[in-house]
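Here's the structure we're looking at; comments come further down.
Letters go in sequence order (proteins before strands), and every chain restarts at 1. Values reported hereafter were calculated over all heavy atoms of this structure, with side chains retained and with hydrogens, waters and symmetry mates removed. This one's a predicted model, so the numbers in the text were calculated from it and none came from an experiment.
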Amino acid sequence: MKAKKEVVEEILGQLNPQQRQAATHGDGPLLILAGAGTGKTNTLVHRVAWLVLQGVSPGRILLLTFTRRAAAEMLRRADALLAQIRRGNKKSGALTSQVWGGTFHAVATRLLRQYGKAIGLPADFVIHDRSDSEDFLQVIRTELKLAKTDRRFPQKGTCMEIYSRCVNARMPLVDVLATVFPWCAMWEKELARLFDTYIERKQQAGILDYDDLLLYWHALLEDAQAGPVLRNMFDYILVDEYQDTNRLQAEILYMLSPDGRGLTVVGDDAQAIYSFRAAEVRNIFEFPEHYPNATIITLEQNYRSTQPILEATNQVIALAQRRYVKNLWTERTEGPRPELVLCQDEQQQADEVIQRILERRESGLLLRQQAVLFRASHHSMLLETELNRRNIPYHKYGGLKFSETAHVKDLLAILRLAENPRDTVAGMRVLVLLPGIGPKTAKQLMELLQSAGGQWEAWRSWKPPAAAAGLWDKWLQLLEQLTASPKDASAQIHAARTFYQPLLEEKYDNPYARSRDLEQLELIASRYPDRRSFLAEMALDPPSSTQDLAGPPILDEDFLVLSTMHSAKGLEWEAVYVINATDGNIPSDMTTGSPELIDEELRLFYVALTRARRHLAVFCPLFHYYGPFGKTDEYGMSQLTRFLPRSVQRYFHVQSGGRAEPSTSEFGLALRPGESVSAKVRQNLSRLWH
DNA sequence: CTGTTGAAATTTTTT
DNA sequence: ATTTCAACAG
């Protein structure tokens with residue numbers, strides 16, 4: 001057996017002095033400012049390992065991060081390292097206990113299940129995802145007659161955003177309206193009423209939305225009884241991607257560790273990309289103010305990318321209005337220059353991307369070491385078609401989730417109602433599926449159910465309209481069956497699926513594909529011990545891509561990665577292809593207002609570029625379908641993103657897609673963006689006869 | 001009250 | 001393209 005010192009050296013051996021200092025830091029509050037690719041997650045994970053070697057029980061360490069994908073990656077690496085320690089040090093039986101970790105929301109859920117009772121939460125609370133919450137808000141919105149006003153009241157999605165921002169930024173409604181939603185300011189009183197009712201109803205029904213998970217965690221920490229218990233659970237708390245935490249999350253951390261003992265946060269202000277979720281970069285700068293005894297360690301050596309890539313990305317981030325002073329450097333000097341490929345249209349862009357991917361695979365680079373990144377999830381549609389055509393396997397992250405499709409939501413609603421008869425949103429959703437039952441009847445039925453204390457018996461005596469007569473009896477049988485055996489989620493899905501099948505065929509014109517999805521859902525459900533954990537998981541951590549559905553991932557299967565830029569954060573690949581780098585996509589047309597938002601788009605672009613280890617290529621299609629509604633005969637001309645001005649292009653190898661054309665070609669000069677080609681042609685032609 | 005039809009509005013990123 | 005909302009027929 002190795003001596004402990006040897007094991008420590010083995011674990012810390014690969015860290016540089018700054019990383020090592022961070023990993024072996026003592027108990028005081030610690031802020032690690034780490035540029036892109038400087039090994040911040042690695043450092044964090046090594047810190048966990050070091051702490052464990054010092055005798056800290058893994059179960060008393062909490063690892064928090066912001067996105068599910070980053071959380072999974074971080075926990076995977078921590079587990080791998082702890083496994084390594086276990087091999088080197090057989091004695092440490094304590095290592096069997098697991099590190100706590102996950103997203104803020106996932107950890108909140110675990111804590112609230114355990115301790116929620118202290119603040120009056122029912123043990124069987126259910127979690128509403130974003131669209132459930134919106135539906136709930138919509139019900140109340142209609143009920144309060146806010147939908148029918150002389151001037152248009154904000155839609156449910158907007159209402160939800162406003163509410164969510166108040167909660168997460170801990171900002172009064174008036175201020176949120178004034179700063180972020182000025183066009184809704186006239187509805188302040190109505191919104192306040194809406195939110196009051198929303199909160200009240202949620203509590204009655206035993207429902208928590210995403211924001212509630214944080215809010216109740218916060219409340220739990222404030223509680224005189226539960227607070228100390230929670231504070232004593234963890235000796236060390238490590239937070240990744242701290243620049244993306246919001247006010248509420250920062251407060252939770254402050255309360256978890258009032259004096260900063262054992263608290264480590266890692267972040268990079270140049271990579272803050274979640275302000276739309278009320279994230280505050282400010283949290284990073286306030287950390288040393290909040291904890292005056294905080295140690296600050298800066299990581300500047302980049303281990304990820306080659307010098308040419310680093311030079312180019314440094315130029316990009318330097319365009320920010322607000323400067324981010326960091327000197328990223330690397331010892332990896334060798335490497336090709338990043339490419340900027342100007343393409344005729346999206347089709348050519350897809351061809352160019354795929355050509356490079358296949359070339360690199362030929363020369364030994366696995367598909368899974370290559371990734372295509374884009375601003376919005378629908379940007380990859382054409383590429384996906386092409387990949388399918390050529391039988392290239394891929395895995396897409398971000399974008400519309402499987403569990404957000406209507407038929408999956410329908411089926412899950414059946415189980416949710418069985419789990420919690422007070423879940424009016426789920427109940428209404430299912431009931432209106434039945435012929436002859438509309439919103440009014442559904443609402444009455446739910447009220448009837450509530451007054452009977454959630455006993456399905458209450459519905460036995462109800463006379464269904466003729467259209468629903470046949471199904472009503474089956475429906476009640478199903479509910480009783482589901483209530484009788486809440487354990488086997490897979491069997492539950494099966495029963496619900498049998499009931500739902502005819503309704504699905506009636507409702508959708510592509511029932512076959514949809515019922516295949518539901519078969520997959522049944523398979524997924526079989527991985528969970530019971531209905532409650534299955535439902536919680538589907539709300540909090542749904543399968544991130546349709547390929548996830550084909551059972552547990554086969555490790556030696558090779559697939560290309562497609563991802564939104566947001567979902568790509570914290571990850572890296574040997575080769576990265578950034579597509580649709582046009583003005584309007586990056587920065588998105590939605591945001592071309594305030595300089596702050598433009599800066600955020602720039603940081604997002606920077607995040608995308610810095611994912612690359614060795615090969616980086618940016619693609620810009622010259623023509624694109626005009627507008628998002630794809631009127632196929634209307635083309636528009638695009639301009640290269642403003643984040644790659646001439647001064648920055650010097651750091652790229654500029655190419656025109658397909659055949660070589662001198663890199664002097666100017667794009668978007670003949671036409672201003674948005675001006676359609678057909679209009680230009682008409683105009684030119686009309687000169688001929690006027 | 002339900003279910004259909006047509007017009008109008010919207011358009012990203014994630015827990 | 002898709003979602004939301006109002007108007008109308010049964």
Margin query: Ignoring hydrogens, what is the shortest heavy-atom contact between A:Thr103 and A:Phe66? Give both atom names and the distance.
Written below: CG2-O, 4.0 Å

Next item on the list: Can you figure out which of C:dC5, B:dT13, B:dT15 approaches the side chain of A:Ser377 most closely?
Entry: B:dT13

Check: Expressed in angstrom and rounded to an integer, what is the separation of A:Lys156 atom NZ from B:dA9 atom P?
Finding: 18 Å

Note to self: Please determine whether the number of non-hydrogen atoms from other residues, nucleotides or ligands lying under 6.0 Å from atom CE of A:Met381 exceeds 12.
What the structure shows: no

Which atoms of nucleotides 2-6 of chain B (N or O only) lie under 3.5 Å from a protein N or O atom, and what are those distances?
unit_1, atom_1, unit_2, atom_2, d
B:dT2, OP1, A:Gly438, N, 2.7
B:dT2, OP1, A:Gly438, O, 3.3
B:dT2, OP1, A:Thr441, N, 3.0
B:dT2, OP1, A:Thr441, OG1, 2.4
B:dT2, OP2, A:Lys440, N, 3.3
B:dG3, OP1, A:Gly436, N, 2.5

Item checked: First of A:Thr158 and A:His105 reached from the 5' end of DNA chain B, by closest nucleotide -> A:Thr158

Next item on the list: Using whole Å, report how far CG of A:Leu604 lies from P of B:dT12.
Entry: 15 Å

Notebook entry, point to check: Tell me: CE of A:Met381 to P of B:dT11, nearest whole Å?
Noted result: 17 Å

Notebook entry, point to check: Any idea which of C:dC5, B:dT14, B:dT13 is nearest the A:Ala376 side chain?
Noted result: B:dT13

Note to self: Tell me whether the rings of A:Trp459 and A:Trp472 are parallel (<30°), tilted (30 to 60°) or perpendicular (>60°).
What the structure shows: tilted

Next item on the list: Determine if A:Phe276 stacks with B:dT13; use a centre-to-centre distance below 5.5 Å and an interplanar angle below 30° as the criteria.
Entry: yes

Next item on the list: Could you check how far NE2 of A:His379 sits from C1' of B:dT11, rounded to whole Å?
Entry: 10 Å

Next item on the list: Mind checking side chain to side chain donor-acceptor pair (under 3.5 Å) for A:Glu280 and listing every partner two or more places apart, or none if nothing turns up?
Entry: A:Arg282

Notebook entry, point to check: Looking only at heavy atoms, what is the nearest atom pair of A:Ser377 and A:Lys396, with distance?
Noted result: O-NZ, 2.8 Å

Note to self: So, does A:Arg277 get its side chain near the phosphate of B:dT15, meaning an N or O under 4.0 Å from OP1 or OP2?
What the structure shows: no

Notebook entry, point to check: Starting at CZ of A:Arg165 and ending at P of B:dT15, how long is that distance when rounded to a whole Å?
Noted result: 17 Å

Notebook entry, point to check: Taking atom P of B:dT14 as reference, at what distance in whole Å does atom OH of A:Tyr397 sit?
Noted result: 13 Å

Item checked: Length of the line joining A:Gln155:CD and B:dA9:P, which is rounded to integer Å -> 11 Å

Notebook entry, point to check: Which is true for A:Tyr274 with a 4.0 Å heavy-atom rule: it touches a base, it touches only sugar-phosphate, or it touches nothing?
Noted result: sugar-phosphate

Notebook entry, point to check: Starting at CD1 of A:Ile598 and ending at P of B:dT12, how long is that distance when rounded to a whole Å?
Noted result: 17 Å

Next item on the list: Give the nucleotide from the list B:dT12, C:dT4, B:dT15 with an atom nearest to the side chain of A:Ser588.
Entry: B:dT12

Margin query: It should be established whether A:Arg141 places a side-chain nitrogen or oxygen under 4.0 Å from OP1 or OP2 of nucleotide C:dC5.
Written below: yes

Notebook entry, point to check: Where do A:Leu471 and A:Pro435 come nearest, in terms of heavy atoms and distance?
Noted result: CD1-CD, 3.9 Å

Note to self: Does A:Arg375 contact B:dT13 through a side-chain donor or acceptor facing the base, at a distance under 3.5 Å?
What the structure shows: yes

Notebook entry, point to check: A:Ser567 side chain N/O closer than 4.0 Å to the phosphate oxygens (OP1, OP2) of B:dT13?
Noted result: no

Notebook entry, point to check: Which nucleotide in the set C:dC5, B:dT15, B:dT13 lies at the smallest distance from any side-chain heavy atom of A:Thr564?
Noted result: B:dT13

Next item on the list: Kindly determine whether A:His128 and A:Tyr210 satisfy ring pair (Phe, Tyr, Trp, His ring centres under 6.0 Å), including the steps that lead there.
Entry: CA-CA 7 Å; A:His128 270 191; A:Tyr210 285 151; 9.9 Å; no

Check: What closest approach, in Å, do A:Leu373 and A:Ala608 show between heavy atoms, and which atom pair accounts for it?
Finding: CD1-O, 3.7 Å

